[in-house]
Every structure is written in C-alpha cells, then in structure tokens.
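Just so you know, residue 1 is the first one in the sequence shown, and it goes up from there.
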Amino acid sequence: MIKQLFSSKGRINRLEYFLTVLVVQIYRYAILPIAMDGYEVNISRFLIVCIGIALVLVYWAQTAKRLQDFNQSKTLAILILLPIVGILF
C-alpha cells in the first residue's frame, strides 16, 4: 500500500487523485501554518517539514499516474517541481 503511494507506475481513478490533493491541501493550509507558528527550532518542526516533503513526493507520484490515465507523458509531472527549484535558485 505505501509503495503504491510513492510509485508513479500504474493508474488511479479520480477519487484517489482527489483524496491525495485534498490531504495535501489540508496539510498546506491548515496544519503547516499552525505548526510553523513561532520562531523556535525544534524536532517537531523538523518532523512537519519531513511530512511535507513526503506529501510532495506522494502528490508527484499520484499526478504522474493521473497523467498516464490521460495518455500523457509522466515526465510532465516534473513541472510540479519547478516552483520548488525556482525557490532554491
């Protein structure tokens, strides 16, 4: 089950993709701002960031699967990572 979340192989239906997007957005707009409130650095902030990275990878894999359903190249899912690359450089 966990391997399927991080794998870009196979196909998924609309409901699975919608649930993935929903979980990522709830994390992004509800949990992340609450967890990052404050300026102290501690282990919980590190854990929140690790969970966020894992969710980005899951979102990327699920998007690649969904693109395959539309007979598009899975490499288009790399476009999701462009804003992150832009922030780093």
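Applying the side-chain contact (heavy atoms from CB on, under 4.5 Å) rule to F70 yields the partners R66, Q72; only residues at least two apart in sequence or on another chain are considered.
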Could you pull out all donor-acceptor pairs under 3.5 Å where a side-chain atom in residues 51-64 meets a protein atom, sequence neighbours excluded?
unit_1	atom_1	unit_2	atom_2	d
W60	NE1	A77	O	3.1
Q62	NE2	L5	O	3.4
T63	OG1	Y17	OH	3.4
T63	OG1	Y59	O	2.8

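For residues 11-21, the set of pairs meeting the salt bridge (Lys or Arg N to Asp or Glu O under 4.0 Å) definition, not counting sequence neighbours, comprises R11-D69.
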